[in-house]
Structure formats: C-alpha cells, structure tokens
4 protein chains.
Amino acid sequence: MPKIVDRDKYRQELLMKSFDLFAQKGYSSITMRQLAQEIGVSTGTLYHYFPSKEALFLQLSAELERQNVMNFLAEAGNPPTLKERIESLFQFVAKHEDHIGKQTLLWIEFNQHQDWSNSGIKEKLQELDEQTISELAKYMQITDRAIVDFVFNLLYGLILRRLFGEETISYSQQGALVGKMLAHHLGEDT
Amino acid sequence: MPKIVDRDKYRQELLMKSFDLFAQKGYSSITMRQLAQEIGVSTGTLYHYFPSKEALFLQLSAELERQNVMNFLAEAGNPPTLKERIESLFQFVAKHEDHIGKQTLLWIEFNQHQDWSNSGIKEKLQELDEQTISELAKYMQITDRAIVDFVFNLLYGLILRRLFGEETISYSQQGALVGKMLAHHLGEDT
Amino acid sequence: MPKIVDRDKYRQELLMKSFDLFAQKGYSSITMRQLAQEIGVSTGTLYHYFPSKEALFLQLSAELERQNVMNFLAEAGNPPTLKERIESLFQFVAKHEDHIGKQTLLWIEFNQHQDWSNSGIKEKLQELDEQTISELAKYMQITDRAIVDFVFNLLYGLILRRLFGEETISYSQQGALVGKMLAHHLGEDT
Amino acid sequence: MPKIVDRDKYRQELLMKSFDLFAQKGYSSITMRQLAQEIGVSTGTLYHYFPSKEALFLQLSAELERQNVMNFLAEAGNPPTLKERIESLFQFVAKHEDHIGKQTLLWIEFNQHQDWSNSGIKEKLQELDEQTISELAKYMQITDRAIVDFVFNLLYGLILRRLFGEETISYSQQGALVGKMLAHHLGEDT
DNA sequence: AATGAATGAGAGTTCATTCAT
DNA sequence: CATGAATGAACTCTCATTCAT
C-alpha cells in the first residue's frame, strides 16, 4: 500500500495493464473484479481512478489510438513511391497484427454498445478514428478521399477477416495488390 | 414423419421472428425473456426448440447467410463483364445495407464470444462464411483466391466502417473503383 | 418449487412476510437478499414479483395503511360522545402500538428518502395518509379541519416519542386529556 | 492546555460546517468523503477529530440541541400567561421551521439506526431530548408532566406532519388552540 | 497533524436456465 | 407440448475506514 506519487502516471499504468484483459475477453465479458484482480489492485482502487467501466474503456481506447499512430510513424520510414508506402502500412499492421487486431476488436465492441447511442461517446470515438486515418493519409500522400477510403476499407476488412479465422489471407499479398493497382490507377489518371 | 416437418417449420418460424430483435439489440443485449415475449411464446417453449441461446443464435446465423446468397443470386442478374458483376454485388449490399449491416454485426459479436473458443462453433461459423464467399466468387467468375479476398476484404471493411458512422463512403463509388482496377489488373495480367 | 396458482395472492403473501423485516430494520438497512432469505425465496423471485425494492416498499405501505383503517373501524365500536370516540382511537393505537409504531417508522423513512423527491412517490404516500385521516375524522365526527389536525398531531407526536424511548408517556392519559379538552372547547363554541 | 482548547475549538468548527450537509441529505445519504470535501479537509482529518461517522453525528446532535434551547430562551421573552408562552414556543418553531425540521429529521434517522441498539447511543440521545424538554417546561412554568408531554407531543407531531407535506397545518393556529385549551383546562382544575 | 490512496465487503439488480405443473 | 415461476451466481458500483507517507 504505497502512496502513489503521480496520479496521472499511475492511471496510465492501470490503463496499459488493463489492455490485455480487455483485448482478450472483450469489453462486456471482462468484469471490473477480474480486471482489478489481474492488475493487482482492489475494485475500489479502480473506481478511485476511473468513474466507471465505460470511462476506463474510453480512456484506454484513446490512449491506444494515440500510441498506434505514433509507433507507425516512427517505424515506417519514408519510401519514395506510393506502392511502397502502402506496403509499408500493410507490413506494419502485419507485424503488430496481434496488438492491432485486439484494438480493432475493442473498437468494434465499443461501437456496438447501444447504451452509448445518445451519450456522444460514439462521436468521440469516430472522431478519434478519423484523425488516425487522416494522419495516415497524409503520410501516404494520398489526397483523394475515395482512394483513402479504398485503402482503409481493404485494410479493415482484412484485419477483421483474419481476426475471425481466415488466416490464409496475407497482408503482404493484399498490400502488394492494392499498391500495384493504385499505382496503375493513379498513373493513368494523371 | 410429418411431425418432424412441422417441428422444423415451427423452429424456422421462431427463428425468423427472432431476427429483428437480435438485429436491433445485438446478441448479448437481448435476453431470452425479451425474445420469448416479443415472439409471443414462453421461455420454456424457446428452450423446447433450441437447447440454448447460443444454439438459437447459431441456427439463425446459418439461416440468414443462406437467404442472403439466395436473394442475391435472384436479384443480381448476370452481366457480361467482371466490372459489372462486382458493381452488382456492391449495389446489392447497398440496397440491403440495413439488413446486411445488422447481420454483419451479429456475425462479429458471435465471433467475439470467447466462451465458444473451444466448442467448434467458430469453426462452423467460419465455414458458413467461406461457403458464402465461394458461391459469390463463382458467380463473379473469379478464380484467383487473392483477388476474391481482395474484393471481400474491401466489401467487409466498407460495411464495417459505414456501420460505425462513416456514412460518407459510398458503395457505388467504391464498387466502381474496385471494378475498374480489377479490370485493368486482370486485363494486363492476361 | 411448487407452481404458484394466484400471482396476486402470492404477491400479497410476500408483502406481508416482508413487513416484519422492514419494520425491524428500516427500509434502507434491510437488503433484498436478507428479505428473500428470511421469506424463504430467492432474490430472483422477489424481483419476479416486484420490479424494485422501492416498488415493493410502496406496495407494502399501501397495503398496511389499508389494513389499519379496516381494523380500526372493525374494532372501534361507535360510542356516543366525542370524548369516547377519541379515547377509542387512542386505545386502538395503544393496543396495536407495536404494529402501528413500526408502520409509522416506515412511513417516516419513506418520506425521508430524497431520491424519490421528483418521482411522485411521496405525493402518493401523502395522499394515502390524507385518506386515512379523513376516514378517521369521519368516524369521530369532527368536521373542523384544525381540530382534526390537532388530534392527529398529538397522536403522531405521541407515537413518535414513545417509539424512541419515552415510554413513560401513556396513550390513555393523553387520550383522556385531549378528549376532555376538546369536549370543553367544542362545548363552548357551540 | 491551550492545545486542548484549540483542538476542541476546531472540532466545533468542523461540526458546524457539517450541519448543512447532514441536514440536506440526511445521515445515511451523506458520505464521509462528501463531508470532508465540502468542509474542505481530507477524510483523514475528519477521522483524526472524530472516531467514526456515528460519533461525529452524535456530537453534532448534542451541539444543535444545545444551541436550539439557547436561541429560544434568548428570543422568547417572558410573557406573563401560559397561553402566551406556549404561543411563543410555537412561534419560535414556526420561525425556524426549516432548521428545526431538519434537526428533527436527523434525530429521527439517528433513532432508526438499529446498529446502535446496544451501544447506549440511543440512551444518550434520549437524555439529550429530555433535557431540552425539561428546560422548556421550566420556561413555560408547567409542572404537570402529562401536560408537558401533551404540548410536546402536539408540537412534534405538527413538525413531523408539516415536514412531510401537510403544509396547510399552521403553527400559530395549533399553538393558539393548545394555549386556549390548556388555559381552560388548568383554570378549571385549580 | 494532515493527507488521500487503498481496501473489500456488500448493496441492488439481471438473466440463462430448469422444472413442476 | 407449453408454461412461467423460481433460481442464484455474477454484475457494476459504493463507502466507512485504515494507514503509509
């Protein structure tokens, strides 16, 4: 029972410790008791730092999204061609598939919870997602919104299907495919 | 013998009546009591026809998947070019977006339930999905598995993102895009 | 686990069985679990018959109030003079002090719960109380509202103070006192 | 020695600052945290000055009772007739109805707490009440205990009923009534 | 002396499932 | 076959109190 020095830092710590459990079991399956037990604190402590399960989850989501973009930009390098940059994105997802897959699951479950329909929470989350995508679009230097959506639809669908067992689909293959097609497509248009 | 037919027919009826509720609230939010009440039977009756909530849900999923393919093949016609066939698929999804979206959500929620990790249920569901896709692939006359996956990744991602608020992305636009690209891509390769 | 024949009858039964516990411990001290255990059912059953602890309590209050008036009118007889009728009332309260005291406590606690400030519950309860008083006023043949209030203020105060330990105050003495005074007072006015 | 004075003085201060919150929410609804926050200290500090919530509350009650009598005697003047003195008492209560009502509520809630049945706390509280009444009896120069009780039963009942919504009953009317009756009654007896 | 983080038992409530009728 | 009353474990969240700092 040591006294905590930095409240916000400790909150962060709790957040990160709770990620694995949320990811493994999903938002509604995990209970606050399990969460507390696994983290090694009491439920009371959890509620001392977060007003509710929902709030804890929301903060976690925001934090994860933030880290993701950061990590990608740090790892991705800056290849000259669009094809390479797209492949770089797909490679990044492939490399961190486990982590990103879990996040995607959380994001989906978040969106499903209909109790939150009127609370403005979904809007926050959506905004978060838009931000991420627009930052990545900037990185890839694609300005046409339809193309951006094309790439991310493909990517999300791929993540989703692999998540649920279609493990024969490969990131590198699909990445190469879309890279090549886009190069043609854009090349012709210009 | 006729008894069995009646029994199965009634089961079907219960199934279809339960779809709306499942679609509206999601698997875990709906309770067996609500389900029974809405359908107009007792919980006991529900359990008489289905061994568990899970089983009821699984049967519902299978039924929906079956109907979906059927409807599509009936509506789609048989256009001569690949581009048109793909656009036909995207149009079909656009037209029945509400229905298909809800199904997708159920499918996702189903997959998330970790209690079912070891029960072979997920495998069944996956198989169901594979069947659907392979039938649609046959319709589109695509044989290359990577291309099939490409199209369906895009489609699933699109459905998913529209589901969660990105309503500015359009089915027809993305369908046209992938149709055009694929035509180029395959045209060049052959 | 026998099947219950008459839902409403059984609800009544549960209500009456719960009275003692509520009375002994007060509304907020008693838990639904204790209540269920003592009655000999599960918490689930309690919630099967009553939507909430609050609703259970409200129904109990209404039922008690109803029974009280009924019992009093049955026991009280119909003496010719006001003094005797008042004394009859005080005697009734004295005789059933335990029961009425407990009820009063519940009534008080009910009124205290500020969560219910805006729910119209207090109004219902107040109305219940007014009804009781006006019926008793009719019995005593007092029409002047101020006098009615006088008698009931005295009576409530007496119940309250005895409840909390002042057991030296006597119902018969105070009843006789108010009876005598009122006789004088009203005799002079007429 | 001066330390002790300071300590007690601070305790007093905390006590008075806590009154409003207790009065607003009632004993069991208010939490020690809220109390501390509102007062502007930590929960630790609260527990440094009072061994428990219960003890804090008991001390508060004693203090309030003390102040009440003091204020009344200061405000009441010393009219010559019993009728006037009684009316003076009722007027005092009417004037401070809000404050006294809240106190009464606290006193009631206190008495209800059954955990304290064996702790001698109720006895202390009762004693407190007796003291108050006997001091007020002395002021009114009534020696007959039955009459004293009569007046205070009426008064408590009145406070109670007004507290719970019967706001049509008036202090001055009921005070005048009891004053007049008592004057007759005692006049005749002597 | 003063702080506030930490505790954990216990609150009201829900719900898939069972089984007497 | 059909019913719905009954179960009880498990849920989120609260709060008086303790104690390291």
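In what follows, every heavy atom counts, from backbone to side chain, and hydrogens, waters and symmetry copies are set aside. Each chain gets a letter, A, B and so on, in the order its sequence line appears, and its residues count up from 1.
Among the protein residues, T31(C) comes within range of the sugar-phosphate backbone only, with heavy atoms under 4.0 Å from sugar or phosphate atoms but none that close to a base. Within 4.0 Å (heavy atoms only), Y49(D) reaches sugar-phosphate atoms of the nucleic acid but no base atom. At a threshold of 4.0 angstrom between heavy atoms, the contacts of L56(A) with the nucleic acid are absent. Nucleic acid contact for I30(B): sugar-phosphate only, since backbone atoms but no base atoms lie under 4.0 Å from a heavy atom of the residue.
Taking atom CE of M32(D) as the reference point, atom C1' of dG4(E) lies 14 Å away to the nearest angstrom. Taking atom CG of L14(B) as the reference point, atom C1' of dC1(F) lies 13 Å away to the nearest angstrom. Taking atom CG on L46(B) and atom C1' on dT3(F), their separation rounds to 12 Å, with Å as the unit. Distance, K25(D) NZ to dT14(F) C1': 14 Å, rounded to whole Å. Separating the CD atom of E54(C) from the C1' atom of dA11(E) is a distance of 15 Å, rounded to the nearest angstrom. When the C1' atom of dT13(E) is taken as reference, atom CG of L35(C) falls 14 Å away, rounded to whole Å. To the nearest angstrom, P of dA2(E) lies 11 Å from CD of E13(D). Computed from coordinates, the Q37(A) CD to dG8(E) C1' distance equals 12 Å when rounded to whole Å.
Of the side-chain N and O atoms in Y47(B), one or more sit less than 4.0 angstrom from OP1 or OP2 of dT17(E). Of the side-chain N and O atoms in T45(D), one or more sit less than 4.0 angstrom from OP1 or OP2 of dT3(E). Close to dA5(E), at under 4.0 Å from its OP1 or OP2, lies a side-chain N or O of H48(A). The shortest distance between the side-chain N/O atoms of R7(D) and the OP1/OP2 oxygens of dA1(E) is below 4.0 Å. In this structure, S42(B) does not reach the dG4(F) phosphate: none of its side-chain N or O atoms is under 4.0 Å from OP1 or OP2.
Along DNA chain F, the nucleotide nearest to T43(D) and the one nearest to T43(A) differ in position, and the one closer to the 5' end is contacted by T43(A). Residue whose closest nucleotide on DNA chain F sits further toward the 5' end, between P51(D) and G40(C): G40(C). Positionally, the nearest nucleotide of DNA chain E for K53(C) lies more toward the 5' end than for the other of K53(B) and K53(C).
Nearest to the side chain of S52(D), among dT17(E), dT17(F), dT7(E), sits dT17(F). Looking at the side chain of V41(D), the nearest of the listed nucleotides dT12(F), dT3(E), dA9(E) is dT3(E).
In the interface, the side chain of R33(B) is not paired with the base of dG4(F) through any donor and acceptor atom under 3.5 Å apart.
Looking at F57(A) and L106(A), their side chains come closer than 4.5 Å, going by heavy atoms from C-beta outward. Here the side chains of Y47(D) and M32(D) are in contact, with some heavy-atom distance below 4.5 Å. Side-chain atoms of E65(C) and Q103(C), non-hydrogen and from C-beta on, do get closer than 4.5 Å to each other.
Under a 4.0 Å N-O distance rule, the pair E13(D)/K9(D) does not qualify as a salt bridge.
With a cut-off of 3.5 Å on both pairing distances, the Watson-Crick and G-U wobble pairs of DNA chain F assemble into stems of 3 or more at E:2-21 with F:2-21.
Ring geometry for Y27(B) against F22(B) counts as parallel: the plane angle stays under 30°, on a 0 to 90° scale with 60° as the upper cut.
When all heavy atoms of L60(C) and L15(C) are compared, the closest pair comes out as CD1-O, 3.6 Å.
No donor-acceptor pair closer than 3.5 Å links the side chain of T45(C) to the backbone N or O of H48(C).
Under the rule for a ring pair (Phe, Tyr, Trp, His ring centres under 6.0 Å), the partners of F19(C) that lie at least two apart in sequence or sit in another chain are H99(C).
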